[in-house]
Amino acid sequence: MFGLTIEKLFLVALLAAVIIGPRRLPEYAGRLGALIRRLTVLAGDAARRAEQETGVAAIREDWTALDPRQYDPRRIIREAWAASDAEGSTVEAASSPAEVPVPAMSPPDAPEGEPSAPAGSWVMAGSSGHPRRVWVPEES
């Protein structure tokens with residue numbers, strides 16, 4: 001801070017001890033400690049007063065309510081599954097937990113602009129980090 005290193009601070013303290021003298025040094029050290037305590041209290045009071053007047057304290061409380069560390073992904077998924085089961089979801093069970101059906105679209109080889117009945121469906125496969133869409137043709 002301010003380019004001061006331990007060596008420079010030690011040199012300043014040594015010079016202060018020599019200039020002030022061994023008799024007055026404890027008195028000045030006490031004054032310096034009292035000054036630092038007073039400045040710390042003043043800075044804390046000013047920060048509290050500024051938070052109260054500007055409403056930053058309320059904003060900080062709002063942000064703590066949105067803290068992502070309080071969310072448990074397992075609980076969120078469990079609640080979402082329970083809600084979809086309660087609604088009577090029409091999503092069919094996938095063949096494995098990593099595959100989730102996606103709304104049907106035209107096959108990849110269908111010409112653009114020509115509407116056709118889907119002969120299969122897209123399925124999301126892979127992990128949540130690296131999902132991929134796979135075209136699964138309809139069995140005849």
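Count residues from 1 along the sequence.
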M124 vs R133, side chain to side chain contact (heavy atoms under 4.5 Å, CB included): CA-CA, chis, key distance, verdict: CA-CA 5 Å; M124 293 298 290; R133 288 178 39 193; 3.2 Å; yes
Are side-chain heavy atoms of L11 and K8 found at a separation under 4.5 Å? no
Show the nearest heavy-atom pair for residues P131 and G129, with the distance to one decimal. CD-C, 3.5 Å
I need the [X] [atom1] to [Y] [atom2] distance, nearest 0.5 Å.
X   : Y   : atom1 : atom2 : value
F10 : L14 : CZ    : CG    : 5.5 Å
R78 : D72 : CZ    : CG    : 6.5 Å
L32 : L25 : CG    : CG    : 10.5 Å

Determine whether a donor-acceptor pair (N or O, by modelled atom type, separation under 3.5 Å) exists between the side chain of R49 and the backbone of D45. no
Should the heavy atoms of other residues, nucleotides or ligands under 6.0 Å from CZ of R75 be counted, would the total exceed 12? yes
Around atom CG of L9, are there more than 12 heavy atoms of other residues, nucleotides or ligands at under 6.0 Å? yes
Is the Lys NZ or Arg CZ of R31 less than 6.0 Å from the centre of Y28's six-membered ring, within 45° of the axis? yes
